[in-house]
Amino acid sequence: MSWLPQAKLTASPDPFSHSQRILIVDDEPRMRSSLRILLANSGREILECESGLDAIIYIKGLDVDLVLLNIGLPDFSGLEVMEWIVNQNMPTKVIIVSGDDRIDSVIFALKNGAVEYILKPYESEDIRLKVDNALYRRNLERSHALMASRLEHSEQLHRYLVDQSPDLIFTLDQSGRFTFVNSRIEVLLGITKAELIGNLY
């Protein structure tokens, strides 16, 4: 898989305004069309392609939430596409939709990144439910990532404001040693923060 392109991650700034993007990867046009019609929904963008390489190009360039991936593709296996997604640490969820009913294929897919393995021919309600669940999980991850980013930004801003305060701000541990001193100490006393940290008050 070393010849496959390296991914460039992109992130949506707000998970709640993000249009859910589904990529259907199958070499059978009728199968792609059937899935597209079945999964069409408000707030969803559905893309299609027929090869593994095209799938990787889509996923690399777009923020794809979910891939419905056939194993038997004309260029290389859908399992290799899934392996690429995992190796690139892509947040994209993968559902295998395949006629391959070999137990080793099922086990390999589920152990290596697929959230579901659906055998063809599938039940419409079954695939709808599993797609909805996968998109729900992806949206939760997106929301958590956004909250973590906002928290980190808030903490950075707080540290900056404290450090740039015109007042002397410091903290001590239980034994009375300095654990934090803001930059004001250098102006007031002419000593560096490093000289005080760990010393007794």
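Any value given below was found using the heavy atoms of this structure, including those in side chains, with hydrogens, waters and symmetry copies removed.
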I need the [X] [atom1] to [Y] [atom2] distance, nearest 0.5 Å.
| X | Y | atom1 | atom2 | value |
| --- | --- | --- | --- | --- |
| K120 | I71 | NZ | CD1 | 9.5 Å |
| R21 | I46 | CZ | CD1 | 12.0 Å |
| T92 | K60 | OG1 | NZ | 14.0 Å |
| D173 | T179 | CG | OG1 | 6.0 Å |
| N70 | E50 | CG | CD | 12.0 Å |

Are any non-hydrogen side-chain atoms of [X] and [Y] less than 4.5 angstrom apart?
| X | Y | result |
| --- | --- | --- |
| L79 | F108 | yes |
| I22 | L135 | yes |
| S34 | Y122 | yes |
| R128 | L38 | yes |
| K93 | D65 | no |
| I185 | K193 | yes |
| L68 | V25 | no |
| L129 | E125 | no |

Under 3.5 Å: donor-acceptor pair, side chain of [X], backbone of [Y]:
| X | Y | answer |
| --- | --- | --- |
| E80 | S77 | yes |
| S51 | D75 | no |
| R32 | D26 | yes |
| R177 | G198 | yes |

Are [Y] and [X] linked, directly or through intermediate hydrophobic residues, by side-chain heavy-atom contacts shorter than 4.5 Å (ILVMFWY only)?
| X | Y | answer |
| --- | --- | --- |
| L66 | Y117 | no |
| L140 | V115 | no |
| L69 | I57 | yes |
| L23 | V94 | yes |
| L73 | V64 | yes |

Nearest heavy-atom neighbours spanning [X] and [Y]:
| X | Y | result |
| --- | --- | --- |
| I95 | A134 | CD1-CB, 4.1 Å |
| L39 | R44 | O-NH1, 2.8 Å |
| I59 | W84 | CG2-CZ3, 3.9 Å |
| R36 | I24 | N-CD1, 3.5 Å |
| L119 | D100 | CD2-O, 3.3 Å |
| V86 | N112 | CG2-O, 3.3 Å |

| request: Check the pair E116, I96 against side chain to side chain contact (heavy atoms under 4.5 Å, CB included), reporting the backbone distance first and the verdict last. | output: CA-CA 6 Å; E116 297 285 355; I96 298 293; over 6 Å; no
| said: Here's a test for you: under side-chain contact (heavy atoms from CB on, under 4.5 Å), which of T171, I169, L172, L168 qualifies with V181? | reply: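 That would be L168.
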| request: Please test Y58 against L53 for side chain to side chain contact (heavy atoms under 4.5 Å, CB included), starting from the C-alpha separation and ending with a verdict. | output: CA-CA 9 Å; Y58 267 121; L53 184 58; over 6 Å; no
| Yes or no on side chain to side chain contact (heavy atoms under 4.5 Å, CB included) for I85 and I56, after CA distance, side-chain angles and deciding distance? | CA-CA 8 Å; I85 292 170; I56 287 174; over 6 Å; no
| Can you find a side-chain donor-acceptor pair between T192 and E195 that sits under 3.5 Å? |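 Checked: T192/E195 side chains pair up, N/O donor to acceptor below 3.5 Å.
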